[in-house]
Amino acid sequence: MQLRRLLAVGWLVVVLLLTESRAAALSPYQPRCQCDSVRILSLQSPPLTGADVTELQLQLTRLGFYQGTVDGVYCPLVAQAVKKMQAAVGLPSTGKVDEATWEKLVSQEIRPAGTPSAPPKGIISILVDIDAQTLVVYSDGAPYKLYPVAIGKPESPTPVGEWVITEKAAGWHGATGIRWMRLSNPWGSYGIHGTNNPGSIGQMSSAGCVRMFNHDVVELYDWVREGTLVVLKRNGPATLLRRQFTMGMVGQDVVYIQWRLRELGFDPGRADGVYGEDTARAVASWQKYRGLTATGQIDENLLYLLGLI
Amino acid sequence: MAGLNQRWVPRILLVFLIVLGLRLWQIGCILPSNKQFDFSNQINPDKKYTVLLWDFDRPLPAGASYREELQREIQAFNKSYPNIRVELRLFRWDQEEEVIAAIKRHQDLPDVLATGPLTDLAFADEILLSDSYLAPEDKREYVPLALASIALGPDIAVWPRYLAPQLYLANRDYLQAAGLATETRQQEGLAWEDFLALGEKLYQLPQQPFVLASFDYQGLLAAVAPRQLDKVGESLISWPASVAPEAVKRVQELYQRGYLPPTVCQEGYLGLQDFFSGRAALLTPAEPWLLRMVSERTDRLQRGLLAYEDAKSFPVVLVPPRLTPTSGLPVRTEGLVVFKRRAADEIKAAAMVASYLSKSGTLPAQLDLLPAYRPAQEAWSQAWRWGNESVLLTILEHPIALMPYPYTELEGKDA
């Protein structure tokens, strides 16, 4: 009898041990074995390097705390970002990445863009830097708050230009998250919105829209109104698929022409991608000022002079 | 009644004569002839002067403000002359006709007018000839082209300010391939015979580039036209309409030899592409602004703002037309006009403002123009940085200019 009891207890212990080891294996950041233990990351000299630092940088970038290079080196910039993140989620701001910090890092519950801000008092405008993947709110022309965003994939790039918000909608809409603000872009349906995939923020992952964390887009939504100016910019070559431009044409290449005209001192109005009267007038004005025939139209030769081809 | 008339008539006559005398004296002050004007009058340092300056607002690149730049120059002037207040009024640069009409109607007159794009000095009787104001040593500091091209009869009418000469932009590779030394051509310029020789050599190259491209057909005519002195006088040099047939004949000759693009006679021909795509060796007219555009384009290419696969790049150089004692250079000149509408010391204050502004160095660089005042050239060179400034500045030393500008008298688009 005692032997049976002993066997039962032993069996139970074995089952318990097996169950615990399986649970441990399912936990995302538990070591699979002793040699695969999670080390504590901190600022050291020489700096720590490795795949875990790369992962840390990726997570910090995703959450908007880190804008540096993802190179697997635990540099002072990374330590600073870790401290910011820890402060934001209520952890001691040590700069050391321990288990508790990892848990918070991989959790999507934390607020990455700082605490909620009071609404700006000035006139609001928005600048989306596509290269930096950030959205900056300006109040009376001065930067007020910065948010991390996701922008378009290479095959569906975010359209650059000077748009205004034409429509606002609240409520859950799946992939566009909890808020939606349509931009005035004339050749597609693009907007600033939330997401059902917070992990995509900080990446080129959208179909061309500007994607934000839901709690960020909720805050922004209340600040802006229809007509708010939204400038989307990026560095890099202008892509011009056409060589002749006349009144009524619409497209991304028109935006580049409008920006270039403004650089030269001839104002085509808002760079809205529409070759309208203002743009034609600016072109004619430039031609006349330089002694050329003022047609108001742009051909390949003028594109060359504008430095666009 | 008769006694009353006898008593009052002389008195009324006396008052009339006094009023008439005062009026004549006033007119004498307002519109003194240039010969009568006493330039030894000095402005009174204790008196406050206000000089009304009219200028034309210009588009400046990168969002810079012409008004602010000009105000900066005025502030610098006021450091030396704090008692001369300059009241600035800017018109749009394309308001030339309205401004001239207003001045002709005497609706409103400035003390100093920046000619900007003005070419019609129809109000010449009312302006102070700078010739009689400029001291000989001061006059020598202005480049000859500037002095020669703003003239009224034998006199210089305005204070020269900016210039824009027309040159050829040349593909250096083609010049070298044709055996033409760039430096020599830059010094000696290009004459009609050079076009023929260049065409012959380029025709033997595998790609057979054309000799010349221009913005349009008029530009082509201007490029090959014989430039000669008009018979009016040495200081009034123009391109007589009688040379137009010769220009057409020359273009025809180049065309028949195959030295010009086949599309050159078509309506709306624009030859920029011919040059920039490497199909032509020369582009004309090349003013400083064109050099800025070409340089900016190169800069955009280097900064990755231009898709390289579509871009062609080759070295370019500036070459002047062949300048001889009987052939001048087309040059657009801007100046400052001083009106004789006030007392002598006030006119002098206005002349001092005009004189100061005509010596600007950095502002013309932003406008893609060249300074007329030689000592300002160093500051201009530092601020301009868009091309070979030494060629541009050297060319200004040529004593003869062509007027008028632009060419409007050419006819015969039938080559």
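Quick caveat: nothing in here was measured; it's all calculated off a predicted structure. Protein chains get the first letters and strands the later ones, always in sequence-line order, with residue 1 at the start of each.
For Thr295(A), no part sits under 4.5 Å from any heavy atom of chain B, backbone or side chain. Neither the backbone nor the side chain of Leu303(A) comes within less than 4.5 Å of any heavy atom in chain B. The contact between Asp368(B) and chain A is made entirely by side chain atoms (from C-beta outward), counting heavy-atom distances below 4.5 Å.
Residues Asp129(A) and Ala132(A) come closest through the heavy atom pair OD1-N, 3.1 Å. The two residues Thr195(A) and Met212(A) come nearest to each other via the heavy atoms CG2-O, 3.4 Å. Contact detail for Leu283(B) and Phe275(B): the closest heavy-atom pair is CB-CG, 3.5 Å.
Summarising the geometry, atom CD belonging to Glu287(B) is positioned 5.0 Å from atom CD belonging to Gln166(B); distances are rounded to the nearest 0.5 Å.
Results of the side chain to side chain contact (heavy atoms under 4.5 Å, CB included) test with Ile126(A) over Leu229(A), Val224(A), Val231(A) single out Val224(A) as the only residue that passes.
Applying the side-chain contact (heavy atoms from CB on, under 4.5 Å) criterion to Gln71(B), with sequence neighbours excluded, gives Arg67(B), Ile74(B), Leu88(B).
Residues of residues 260-281 of chain A lying under 4.5 angstrom from chain B, judged on non-hydrogen atoms, are Arg260(A), Glu263(A), Leu264(A), Gly265(A), Phe266(A) in numerical order.
Side-chain contact check for Arg182(A) and Ser189(A): at least one donor-acceptor pair (N or O, by modelled atom type) lies under 3.5 Å.
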